[in-house]
Structure formats: structure tokens, C-alpha cells
Amino acid sequence: MAATVGGLGLMTNVAIAFPRNPIHLAHQANDHQLLSGGRFILGLGTQVRAQIEKRFGAQFDHPVERMTELVAALRAIFQAWSSGERLDFRGEYYRHTLMTPTFNPGPNPHGPPPIYVGALGPRLTRATAEHADGLLVMPFGSKRFLHHHTMPAVREGLRAGGRRAEEFAIMPEIIVSAGETDAEREQADAGTRRLLAFYGSTPAYRPVLAAHGWEDLQPELNAMSKQGRWQEMASLIDDEMMHTIAACGTPKEIAAHIRDRIDGVSDTVCLYQAAPIGLETLAAIVDELR
């Protein structure tokens with residue numbers, strides 16, 4: 001797509017960072033930036049401890065410090081390629097001190113790609129605002145959590161980095177449950193409830209539930225997930241919770257939810273499709289947002 005579809009912006013949302021080495025990430029990101037004509041964004045995420053350690057077999061300790069250092073390592077690699085200077089990055093988690101001409105792609109005519117980081121907790125959100133080019137707001141969220149938890153942490157990070165708000169991109173992602181007919185909406189809502197139950201079972205997402213007084217649901221969902229009771233979990237996601245976290249209904253209703261949620265924060269949004277949305281419905285949502 002990068003090489004053949006003109007004018008198309010591309011972003012990883014997100015590339016799971018810790019199982020990958022900064023050199024791997026840098027080469028892939030550089031190639032996508034080159035192929036897309038400078039329209040690529042490298043979006044990185046930590047994932048959660050269980051997935052990183054048990055599924056990927058990688059290390060997860062000190063995730064905020066590790067991610068911050070990984071961003072710095074990427075910048076050092078991009079700078080070495082751009083300037084021709086010696087690569088000499090020595091950190092606690094990553095060390096890159098060799099870049100022979102054979103493996104040096106040289107300067108990218110479009111410059112290095114921007115680095116965005118997905119974050120939910122206050123420490124990683126602050127670090128992202130201090131060190132990265134943009135924040136990918138996690139899809140399991142709400143208007144209250146975005147404005148009362150995420151944005152204060154962003155402002156703290158920008159102050160710590162001596163940066164202006166205009167220098168930092170914020171890209172919310174919102175789960176969408178769409179349908180034009182009652183039957184379509186019922187089917188989409190069922191998939192959305194399953195998705196929210198999956199997210200809600202993860203301890204990392206408990207703060208979002210706690211912002212609305214629903215924190216007791218997280219350990220219950222977690223216990224059910226360990227028992228493999230995935231279908232039953234969805235029944236615990238009531239209408240209030242679903243409509244708070246996800247944008248549901250007709251294209252007009254979905255657009256109204258999105259505009260209200262991100263007003264004053266961003267003019268760009270990612271739509272997380274819990275189930276594939278038909279092209280006509282998706283186009284209608286886009287038209288309503290415009």
C-alpha cells in the first residue's frame with residue numbers, strides 16, 4: 001500500500017515494541033517512510049506484562065523507562081543514518097555502537113518518521129508527551145478518562161520536556177459499534193460487548209473502569225477469563241458501560257459521540273472496528289464527522 005497507493009497515510013497502531021529490537025524497528029520504519037513518500041507514522045505500544053512475557057517470551061520490567069529509552073535509541077539510529085556520524089547509543093536496556101556502511105541506508109529524503117506511543121497509565125502518558133512525537137490514546141477509554149486523566153498527564157509531560165502543545169500530536173482511538181438497521185446494530189453491539197469484556201478483564205485497564213465507579217467488574221472479568229468463560233463475560237457489559245466506552249448506533253449518533261468526546265483535544269481520530277463496518281456505513285460516519 002505504501003508503494004502503490006498515492007496520498008495514503010500509514011501508521012502502525014501499534015507495533016508491539018519490546019519483542020522487537022530498535023534496529024529492526026528503525027529499518028522497517030525507514031523503509032515504510034521511503035515507500036510512502038514521507039507519509040508513515042511509527043506507532044509503538046508496550047502491550048501488557050502477561051502478553052510480553054508469556055506469549056512473546058520477552059522482557060517487560062520497567063516498561064516506562066524501557067519505552068522511553070527505546071524512543072531515544074530510535075532517534076539515535078535515525079540521526080546516525082541521516083548525518084553519517086558514528087552510532088554510539090549506550091543505555092540501560094539497549095546498546096547500539098556499530099553501523100557499518102553495508103547496513104546503513106543513508107539519509108531518508110523525507111526525514112525520519114514521527115514516533116507515536118500508545119499509553120494509558122499516567123507515567124507512560126507523561127513520558128510519551130515529554131519524549132515522543134505523539135500519543136495514541138488507547139481505545140478502551142471514555143470522555144471522562146480522556147479529559148480528567150489522560151490530558152492532565154499530557155500537560156505535565158509537555159511542561160517537563162519544555163514543549164508546546166502544538167509540537168505534540170494526540171490521536172484518540174474510539175471503538176465503534178455501527179449498523180444501519182436494528183439487526184445490524186444488534187450484531188455489532190454483541191461483538192462490542194465481547195471486546196469490552198476482553199479489555200475490561202485486563203488489570204491495566206482497571207483505571208478506566210474506576211473513573212466511572214465500575215472498578216469491581218475488572219477482577220470478576222479477569223477471573224472468568226482464566227476459566228475460559230469468554231461468552232459469559234460479555235453479558236456483564238451493560239448498555240451504560242457500552243455507550244460510555246464505545247460509539248454506538250447510526251453514523252450520525254456515532255459521529256456525535258466522537259465529536260463530544262474529543263472536543264478540544266484533537267481533530268484526528270482512529271475508528272476501532274469491533275467488527276468489520278460496511279463501506280457505505282463507514283463512509284457515512286466519515287461524512288458525518290466532516
Does V71 share a hydrophobic cluster with L136, counting links as ILVMFWY side-chain heavy atoms below 4.5 Å and allowing steps through other members? yes
Could you tell me which residues satisfy side-chain hydrogen bond (donor to acceptor under 3.5 Å, both in side chains) with D61, sequence neighbours excluded, listed by chain and number? R66
Do L34 and I77 sit in one hydrophobic cluster, given that two such residues count as connected whenever their side-chain heavy atoms are within less than 4.5 Å of each other, even indirectly? no
Taking S82 for its side chain and Q79 for its backbone only, find out whether a donor-acceptor pair lies under 3.5 Å. no
Sort and list the pairs that fulfil ring-ring contact (aromatic ring centres under 6.0 Å, His included) and have at least one residue in residues 224-266, not counting sequence neighbours. none
Can you list every pair that meets ring-ring contact (aromatic ring centres under 6.0 Å, His included) and has a residue in residues 28-59, with sequence neighbours left out? H32-F40
Would you check if the side chain of E69 reaches a backbone N or O of Y93 as a donor-acceptor pair within less than 3.5 Å? yes
What residue pairs, at least two apart or across chains, pass side-chain hydrogen bond (donor to acceptor under 3.5 Å, both in side chains) with a residue in residues 34-49? R49-E53
Approximate separation, where rounding is to 0.5 Å, of S177 OG and I174 CD1: 13.5 Å
Residue pairs meeting salt bridge (charged side-chain N to carboxylate O under 4.0 Å, His left out), one or both in residues 189-202, sequence neighbours left out, come to R193-D239
Going by the rule side-chain contact (heavy atoms from CB on, under 4.5 Å), which residues pair with A76 if we only count those two or more places apart in sequence or in a different chain? L87, F89
May I ask you to check whether over 12 heavy atoms, not counting those of E167, lie within 6.0 Å of atom CD? yes
Heavy-atom distance under 4.5 Å between the side chains of T244 and K143, does that happen here? no
H212 and S142: side-chain donor and acceptor closer than 3.5 Å? yes
Ion pair D88/R90, N-O distance below 4.0 Å: yes
Would you say Y116 ends up clustered with M67 if hydrophobic residues are merged whenever their side chains have heavy atoms under 4.5 Å apart, either directly or through other cluster members? yes
For residues 269-276, please give each side-chain donor-acceptor pair under 3.5 Å, one per line with the distance, not counting sequence neighbours.
from	atom 1	to	atom 2	distance (Å)
Y272	OH	Y199	OH	3.4
Q273	OE1	I277	N	2.8

Under the side-chain contact (heavy atoms from CB on, under 4.5 Å) test, which residues partner A210, sequence neighbours left out? E215
According to salt bridge (Lys or Arg N to Asp or Glu O under 4.0 Å), who are the partners of R86, at least two apart in sequence or on a separate chain? none
Show the atom names and distances, to 0.1 Å, of all donor-acceptor pairs under 3.5 Å that link a side chain in residues 117-127 to residues at least two apart or in another chain.
from	atom 1	to	atom 2	distance (Å)
R123	NH2	E65	OE2	2.6
T125	OG1	G121	O	2.7
R126	NH1	E156	OE1	3.4

Could you tell me which residues satisfy side-chain hydrogen bond (donor to acceptor under 3.5 Å, both in side chains) with K54, sequence neighbours excluded, listed by chain and number? none
Let me check something: any side-chain donor-acceptor pairs from residues 2-18 under 3.5 Å, sequence neighbours excluded? List them with distances.
from	atom 1	to	atom 2	distance (Å)
T12	OG1	G43	N	2.8
T12	OG1	G43	O	2.9
N13	ND2	E173	OE1	3.3

